[in-house]
Colleague: 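Take a look at this one; I'll ask things after.
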Amino acid sequence: MSDLEEEYRLEFFDQEGFVRRECVECGAHFWTRDEDRETCGEPPCETYTFIDDPGFAEEYTLEEMREAFLSYFEEHDHERIEPYPVAANRWRDDVLLTQASIYDFQPLVTSGETPPPANPLTISQPCIRMQDIDNVGTTGRHTMAFEMMAHHAFNAREDIEDAEQYAYEGEVYWKDRTVELCEGFFESLGADVEGITYIEDPWVGGGNAGPAIEVIYEGAELATLVFMSMEQDPEGEYELKDGNRYSKMDTYVVDTGYGLERWTWVSQGTPTVYEAIYPDQIAFLKDNAGIELTEDEQRIVHDAAALAGNMDIDEAEDLEAARDEIAAEIGVDVADLEALVEPLESIYAIADHCRTLAYMLGDEIVPSNVGTGYLARMVLRRTKRLVDEVGVDAPLDELVDMQAERLGYENRDHVRDVVRTEVEKYRETLERGRRRVEDMAAEHADAGEPIPTPELVELYDSHGIQPDMVEDIAAEHGADVDVPEDFYGQVASRHDEDAGGITAADADERFADLPATEQLYYDDQQGTEFEAVVLDVFEREDGYDVVLDQTMFYPEGGGQPPDHGTLTSDDATVEVTDVQIEDGVIRHRTDEELDKGSMVRGKLDVDRRRQLMRNHTATHVVIHAARRILGDHVRQAGAQKGVDSSRIDVAHYDRIDREQVRQIERLANEIVMANVSVSQEWLHRNDAEAEYGFDLYQGGVPPGEQIRIIQVDADVQACGGTHVARTGDIGAIKVRSTERVQDGVERLTFSAGTAAIEATQRTEDALYDTAAALDVDVWDVPDTATRFFDEWKERGKRIEELQEELAEARAAGGDDDATEVEVGETTAVVRRIDAEMDELRATANALVEDGQIAVLGSGGPASDVSGTSSDSSDGTNGAQFVVGVPEGCAVNAGEVVSQLASRVGGGGGGPPDFAQGGGPDADQLDDALADAPEILQAVVDA
RNA sequence: GGGCUCGUAGAUCAGUGGUAGAUCACCCCCCUGGCACGGGGGAGGCCGCGGGUUCAAAUCCCGCCGAGUCCA
């Protein structure tokens, strides 16, 4: 096993007189100029020494420090690069947020597939680390939002066989120069370079690894210098700390990270990092929340923070343990200290969270319950809770705007708008939750028991109500709550993860030897016929896979389905039903075999392909139109093209209403009618990104140095699909529906070309048929339908009234159809009324009100008076009974009904005073009713 | 993408196989000089939609639509 010790023996260290030492506290190896040094310098082995004693010659604000860094590296031959969005999922699909500057260049640049935008380069990249969320504010040094200043150099070995295979060649600089530049920057700020220690700390992550150095100054880790140079390899020569083996790569990359906030903090020497980086907002928040401290109190807070800073408090949990110690040291009561410090901690967290939100929303992340949108929502809600708790009464959108303004954003109005919308949504959620908890609390308070844990878990998991909020609300209603220690564990256990990763289909070895198929559909997008040579044929379960030297058939990809068509050789014509591409080799799935080596003529199913092209270009047009109508935050969140219809999912924070659909449709068709040409061009990806930004990648990020750019009107996208030549070829675009596929994601389904016409015709047919059925003009359909519906409701009510009148009349007039028997003191009326259940019930009620027992049977409605009956049968749908018993009469209606119903092959029941039942054998109805007197007698005797 | 919860009167919600309810809001009347309150009466429901099970479904099962929420 190698611990990479050799990797750290730098010439630079040698020349500068560094020595390698082992820390007496933690055992880490480090490099220092100070021969007497015993510890590595990093907490907990040593403490911060810059608090109240800044480590640089001058104090810097965030902006000044960023500029100092970038200009230093510019002066040393680095090109300054504009920061990337914090939404890393715009250019890669393995992560959601940008957490380090190197994220900007993964995976394609680091692997050598794509050249970096400059080499070497320097950047200050905004980042968000959600995992630190609990520590923000309390530890004094954690922030969720930060900028990682960096200098990167991308190197590729030249001593390899095929050096040109990588997008960059040769060495820009490596370890020695990296450390030298780092020292140089320290020096430029007037730091005492004697005090710097370099700790050996190999880095491993995401399948890559390499030696790395932590740069410690004044007790603080100010930079990490990573030398990414290895990749995971079971045969590898190095075994690293994650237990895996690694071997050297052909590319090797300098990946550095300098925390802008740390550097600013060290330059100012404030007790916490927050005070150094957000002085204005913290002053505002303190003032607004009415936090005024006496000089004594200020001193206590200051000392406590300084001590905490020195104590290597890495987690909020550790702080609780440390607080006793701190209080003792300063000589105050722990409770008093907490009362002083906690509001400040909230305020620090608010400032940090507002910056996080400004980053997220400024980069046009739309709050939702998926992906980055969910993260934005979580941060926003947490911030809102903190703001309310600490008693800040400024609207949240104003607080976020303070950060957006500081960052110089141009879309501040949009950011405020989104924050307001979200705050309102949260308010509604809280209100719903409050009512729910109040009911629950009252119930459990009555029972004198605490709210049980499963209820708590459900309140959080299904309704988004935090346990501590439940505690507060429950307390108001006198109910207790026990929040178990492992609460969030119990929540997690509700989410039974059904493992079952999708096993990737085994790559077929035999394809590996075949050359990449020439893609004729790019040379001539309008072409439909071609000639080719059959390179190979593979038998499959349901047909054959044919590989040609070149093809016009478009393989499935980018949401565009594959082409269909035929391949014809001298001997046979075969149908192509599917086309797939793998490693550049295109496979045509056919129903019959073709001879290897034969010449074939390929013909596309032209109608299908035309529709697919129309749909694909239309997709670009629709998303462009949606963006113009709904706002710049609109991005594609998925798409599927089809022959008859296509759909795109877009990120948007509200439902798309009918009027907006009309506007989108109109604008889309204006672009169609303008008949602008659809241009295809292959650009170097860096040029394309520089010119159009990451919005190019609406449909995903293509690999490679050159990317295909499709421009439709003002819309520019990287796209591998086939398109019509001019927008007019689309013919027409019809938006058919919108649907909310997730909160914050709207799906637009539309049709293009002939399918658009057909879709419209189908809708019209439905309208015409309706008009015909109502016997009115189409324009009168809405009014007529409304009138009919109202009248139908009126009639229902009238029928009910009449049924009641009829029932009363029946009850009053003893008519001949009824059999009356005496059951004890009470008269029972047994009668057959062929009517609906409603009518039977009404009659029974009327009889009961007259003090009589009602035993009513029905063989189904004699005539369908109400028009509401939905049964299609012809009166043979069985028998029903209703039995009603007046108060104080010892007859169980349920029992009677049960016995009657059993005679018609069914069952029944109900409360003792009013029961219903029935069965399928209507033929037995009269016999059953004839037996009713005996049944009544038997029941009363029992 | 997955899990969970919910959809009943204008609003908020009860009702978990057997006659659709409460509170507020609304309309009318009484009380009052008038208002608030109080009292009495009334109107207002395709129980989200579509299937299924059952003698019987707001209620149970399946699908769809709509909303909420937790997680990746």
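A, B, ... follow the sequence lines: proteins, then strands. Residue 1 opens every chain. This structure is a prediction, so every number in the text was calculated from the model and none was measured.
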Colleague: For Glu739(A), report the nucleic acid contact type (base, sugar-phosphate, nothing); a contact means any heavy atom under 4.0 Å.
Modeller: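 It contacts sugar-phosphate atoms only.
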Colleague: Below the 4.0 Å mark, does U69(B) have OP1 or OP2 next to a side-chain nitrogen or oxygen of Arg377(A)?
Modeller: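 For U69(B), OP1 or OP2 has a side-chain N or O of Arg377(A) closer than 4.0 Å.
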Colleague: Of all the nucleotides listed (C46(B), G18(B), C55(B)), which has the minimum atom distance to the side chain of Pro911(A)?
Modeller: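 Nearest listed nucleotide: G18(B).
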Colleague: Less than 5.5 Å between centroids and less than 30° between ring planes, does Tyr460(A) satisfy that with C70(B)?
Modeller: no
Colleague: To check you understand the geometry: which heavy-atom pair defines the closest contact between Asn892(A) and Val939(A), and what is its length?
Modeller: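 Scanning both residues, the minimum pair turns out to be N-CG1, 3.9 Å.
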Colleague: For Val370(A), answer base if it contacts any base atom (sugar-phosphate contacts may also be present), sugar-phosphate if it contacts only those atoms, and nothing otherwise; contact means non-hydrogen atoms under 4.0 Å.
Modeller: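 Val370(A): base contact, heavy atoms under 4.0 Å.
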Colleague: State which of U69(B), U5(B), C46(B) makes the closest approach to the side chain of Asn369(A).
Modeller: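 So the side chain of Asn369(A) is nearest to U69(B).
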Colleague: Base, sugar-phosphate, or nothing: which does Gly371(A) touch, judged by heavy atoms less than 4.0 Å apart?
Modeller: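 Result for Gly371(A) = base.
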Colleague: OP1 or OP2 of G18(B) versus the side-chain N and O atoms of Arg841(A): is any pair under 4.0 Å?
Modeller: no
Colleague: Does a side-chain N or O from Arg740(A) land closer than 4.0 Å to OP1 or OP2 of G66(B), or not?
Modeller: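 No, Arg740(A) has no side-chain N/O under 4.0 Å of OP1/OP2 on G66(B).
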Colleague: Just compare C70(B), G1(B), U69(B) and give me whichever is closest to any side-chain atom of Asp461(A).
Modeller: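 Shortest atom-to-atom distance from the side chain points to C70(B).
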Colleague: Once you round to the nearest 0.5 Å, how far does CG of Leu361(A) lie from OH of Tyr653(A)?
Modeller: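 Leu361(A) atom CG to Tyr653(A) atom OH measures 11.0 Å (nearest 0.5 Å).
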Colleague: Find the distance Arg655(A):CZ to C65(B):P and express it as a whole number of Å.
Modeller: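 About 11 Å, once rounded to whole Å.
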Colleague: Do the side-chain N or O atoms of Lys425(A) get closer than 4.0 angstrom to the phosphate oxygens (OP1, OP2) of U69(B)?
Modeller: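 No, Lys425(A) has no side-chain N/O under 4.0 Å of OP1/OP2 on U69(B).
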Colleague: Let's see if you can work this out: which of C70(B), C4(B), G1(B) has an atom nearest to the side-chain heavy atoms of Ser462(A)?
Modeller: C4(B)
Colleague: For a quick check of understanding: with a heavy-atom distance under 4.0 Å over all strands, which category does Asn845(A) fall into, base, sugar-phosphate or nothing?
Modeller: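 Here Asn845(A) touches the bases of the nucleic acid.
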